[in-house]
Protein chains: 2
Amino acid sequence: MYSIGEISAMFNMPISTLRYYDKKGLFLNIERNSSGIRRFGQKEIETLNVIECLKKAGMSLDDIKLFMDWCQQGDKTLAQRKEMFYQRKKEVEVQLQELQKVADFINYKCWYYDTACNEKTENRVKNIKANDMPDNIRILYENTH
Amino acid sequence: MYSIGEISAMFNMPISTLRYYDKKGLFLNIERNSSGIRRFGQKEIETLNVIECLKKAGMSLDDIKLFMDWCQQGDKTLAQRKEMFYQRKKEVEVQLQELQKVADFINYKCWYYDTACNEKTENRVKNIKANDMPDNIRILYENTH
DNA sequence: TTATATGCTAAACCTGACTTTAGGTCAAGC
DNA sequence: GCTTGACCTAAAGTCAGGTTTAGCATATAA
């Protein structure tokens, strides 16, 4: 069992954030000692891992709370939880595609500024048409324009 | 040349957001007609593409504004702009790795809930150890736990 | 000529996710 | 017995990124 300070250090996350999550009900009835101090165990650690992941996957704390409540309700919510993860899966796949496109755009811009910096001006590179770009750059350019 | 309403439709973005961006100074001295109405041209369309991309790459509007200002200052800021894109490139690569990890976690959870739903309870799957998972799932699990 | 659509501004408001503040409890060490 | 450090709560404050409101101008169609 860990104190809030230990968990804060473990997850490199402010104590205030942990209390905020608890207030939102994200830790399902977390244990407290006789003087009201929170005791974090494996369950809470797993919850924090799930929170971090679902947040990165683009979910709001309210949606995550909904999921935590389903977990507490037991097997009768299995279908909903499954459905939720399949929905997330679809959205993360879209996010991955978009981020790959962003990467292509950035890589094109890196080439653009490499060229401009070498020539000390962007006057020439600014007007290069797709056909006159190196093949690998043209692909990036066409993916993103 | 396009009106704000046309651009709003074209980018599927509220008019209020376009005005908000303009107020922040993201469109470098955009043209207006004699009665003060904004006229959007190719330059502004390109600016919007850049904004969308840099936002997805995790930049704040203030940072994007900084970049726009550098653009206006001409060739003497080429090195800074290049540096900025190389920095972005690094960060987008990290984002891609993290998002791939999120995808692995979600895929593991999909398998978990598939199994639980088939068995109508999560009692068994909850206790499966990594060694007893199918190989492809174990890899996802170990990547993310 | 009046209704409708589209545009304008400044300023107030909103939301999610925290963070800070103010004031209090409690156990351990000096 | 008092100070220190770690914990507690409720409530207010913050910040980015918008959105809404109120009041007004302009242009075109009926």
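The structure displayed is predicted, hence computed values, not measured ones. Numbered from 1 within each chain, the chains take letters A, B, ... in sequence-line order.
Here A:Asp135 pairs with A:Arg138 in a salt bridge; the nearest charged N to carboxylate O distance falls below 4.0 Å. A salt bridge does not link A:Glu44 to A:Arg38: none of the charged nitrogens lies less than 4.0 Å from a carboxylate oxygen. Taking 4.0 Å as the cut-off between side-chain N and carboxylate O, A:Glu52 and A:Lys56 do not count as a salt-bridged pair. Residues B:Lys90 and B:Glu93 are not paired through a salt bridge, judged by the lack of any N-O separation under 4.0 Å between the basic side chain and the carboxylate.
Contact check of residues 27-42 of chain A against DNA chain D (heavy atom, cut-off under 4.0 Å) returns A:Arg32, A:Gly36, A:Ile37, A:Arg38. DNA chain D lies under 4.0 Å from no heavy atom of any residue of residues 45-66 of chain A. Listed by residue number, B:Pro14, B:Ser16, B:Thr17, B:Tyr20, B:Tyr21 are the residues of residues 14-26 of chain B with a heavy-atom contact under 4.0 Å to DNA chain D.
Phosphate contact (OP1/OP2 of C:dG7, side-chain N/O of B:Ser3, threshold under 4.0 Å): present.
Between B:Tyr113 and A:Phe85, the ring planes lie parallel to each other; the angle is under 30°, not in the 30° to 60° tilted range.
Note that B:Lys109 lies in the cation-pi zone of B:Tyr112, set by a 6.0 Å cut-off to the ring centre and a 45° limit from the axis.
For the pair B:Leu96 and A:Ala103, the tightest heavy-atom approach, listed with the atom from each and the gap, is CD1-CB, 4.2 Å. Shortest non-hydrogen contact noted between B:Val92 and B:Ala57 is CG2-CB, 3.9 Å. A:Lys24 and A:Asp62 make their closest contact through NZ-OD1, 3.0 Å (heavy atoms, listed as atom of the first residue, atom of the second, distance).
In this structure, A:Asn143 contributes its side chain and A:Phe105 its backbone to no donor-acceptor pair below 3.5 Å.
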